[in-house]
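These notes are about the structure you will find just below.
FYI, the numbering just counts along the sequence from 1.
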Amino acid sequence: MIFFLLLGIFLLMIVGVNRKKLVNFIGPNNRLVKKLSNYDWFQNPWLSGIFLFVLNGLLFGMTLLILYGLGFLTIPYIHLLIMVGAVIVSLVSWIIILNAWDGNKKGRILRGFIGSSFYLILTLVFTYMIVTLEPQFPSDDTFMAFIGLAMAFIVSLVAFITCFLFTGLFERKEIH
């Protein structure tokens, strides 16, 4: 499992290096980009940040719901495909939001921080769960629970950083 975690972080670093190509691949001519950029409320950093926060929560919740449903099936490793799909959908959503923004740098950073704070809150929750981890009954081994919480911590921290980079720090630039 650690292999898949490190592979995911490595692939996200590759995505970060090639972000300009990805941002321009979706581009400002995308139907969703045009629709979002036409809304006046979306150019307000607070409202678009709340929109991004709710979007991240919905994507996370839908992924959890799908993974919960897959728990009733006996198909091995399909959960990994679902998680990869969730990462791709999240990245595409963040790039659409990046392309739809027409405001200044300060507003972009504010919007990115507000929206990505969903994952920051999750990171803090997982940190609290790690710190307060106790056995549920005498002689209960909490090692596997710690491993799961540590992986959840890493995934949520990487999601916070990636979301903040794509929606707050990166600028939309055209490559000719």
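The aromatic rings of Phe164 and Phe160 sit parallel, their planes meeting at an angle under 30°, below the 60° perpendicular limit.
There is a path of hydrophobic side-chain contacts, each under 4.5 Å, that joins Val158 to Val89. Leu169 and Phe118 fall within a single hydrophobic cluster, where Ile, Leu, Val, Met, Phe, Trp and Tyr are joined by side-chain heavy atoms under 4.5 Å apart, directly or via other members. There is a path of hydrophobic side-chain contacts, each under 4.5 Å, that joins Phe153 to Phe143. Hydrophobic clustering (side-chain heavy atoms under 4.5 Å, transitive across Ile, Leu, Val, Met, Phe, Trp, Tyr) groups Met151 together with Phe146. Hydrophobic cluster membership is shared by Leu80 and Leu73, with clusters built from Ile, Leu, Val, Met, Phe, Trp and Tyr side chains linked at under 4.5 angstrom.
Scanning for ring pair (Phe, Tyr, Trp, His ring centres under 6.0 Å) contacts around Phe126 gives an empty result, with sequence neighbours left out. Partners of Thr123 according to the side chain to side chain donor-acceptor pair (under 3.5 Å) rule, which considers only residues two or more places apart in sequence or in another chain, are Ser156.
Here the side chains of Val87 and Met83 are not in contact, with every heavy-atom distance at 4.5 Å or above. In this structure, the side chains of Thr167 and Leu52 come closer than 4.5 Å at one or more pairs of heavy atoms. Using a 4.5 Å heavy-atom cutoff, the side chains of Leu133 and Leu149 are in contact. Contact annotation: the side chain of Tyr39 never approaches that of Leu47 to less than 4.5 Å [non-hydrogen atoms, C-beta and beyond]. Between Ile88 and Leu91 there is no side-chain heavy-atom pair separated by less than 4.5 Å. Side-chain contact between Phe60 and Ser90 is absent, with no heavy atoms from C-beta onward closer than 4.5 Å.
Here the straight-line distance linking atom OG1 of Thr127 with atom CG of Leu122 works out to 10.5 Å at 0.5 Å rounding. In this structure, the separation between CD1 on Ile82 and CD1 on Ile66 is 5.5 Å, given to the nearest 0.5 Å. To the nearest 0.5 Å, atom CG of residue Leu98 and atom CZ of residue Arg111 are 6.5 Å apart. Distance check: Ile114 CD1 to Ser48 OG gives 7.5 Å after rounding to the nearest 0.5 Å. Atom CE of Met62 and atom CG of Leu67 lie 11.5 Å apart (nearest 0.5 Å). Expressed to the nearest 0.5 Å, how far SG of Cys163 lies from CG of Leu120 amounts to 11.0 Å.
Within a 6.0 Å sphere centred on CZ of Phe42, other residues, nucleotides and ligands contribute more than 12 heavy atoms. Within a 6.0 Å radius of CH2 in Trp46, no more than 12 heavy atoms belonging to other residues, nucleotides or ligands are found. Counting non-hydrogen atoms of neighbouring residues, nucleotides and ligands closer than 6.0 angstrom, the CG atom of Asp40 reaches no more than 12 such neighbours.
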message: Could you go through Ile96 and Leu36, starting from their C-alpha distance and side-chain angles, then the distance that decides it, and tell me whether this counts as side chain to side chain contact (heavy atoms under 4.5 Å, CB included)?
response: CA-CA 9 Å; Ile96 287 171; Leu36 267 180; 4.1 Å; yes
query: Taking it one step at a time, do Glu134 and Thr142 satisfy side chain to side chain contact (heavy atoms under 4.5 Å, CB included)?
result: CA-CA 7 Å; Glu134 293 181 358; Thr142 58; over 6 Å; no
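Listed for the Gln43 side chain is a donor-acceptor partner under 3.5 Å among the backbone atoms of Ala100.
Here the shortest heavy-atom pairing between Ala86 and Thr63 reads CB-OG1, 3.4 Å. Of all non-hydrogen atoms in Tyr119 and Asn56, the two that sit nearest each other are CE1-CG, 3.5 Å.
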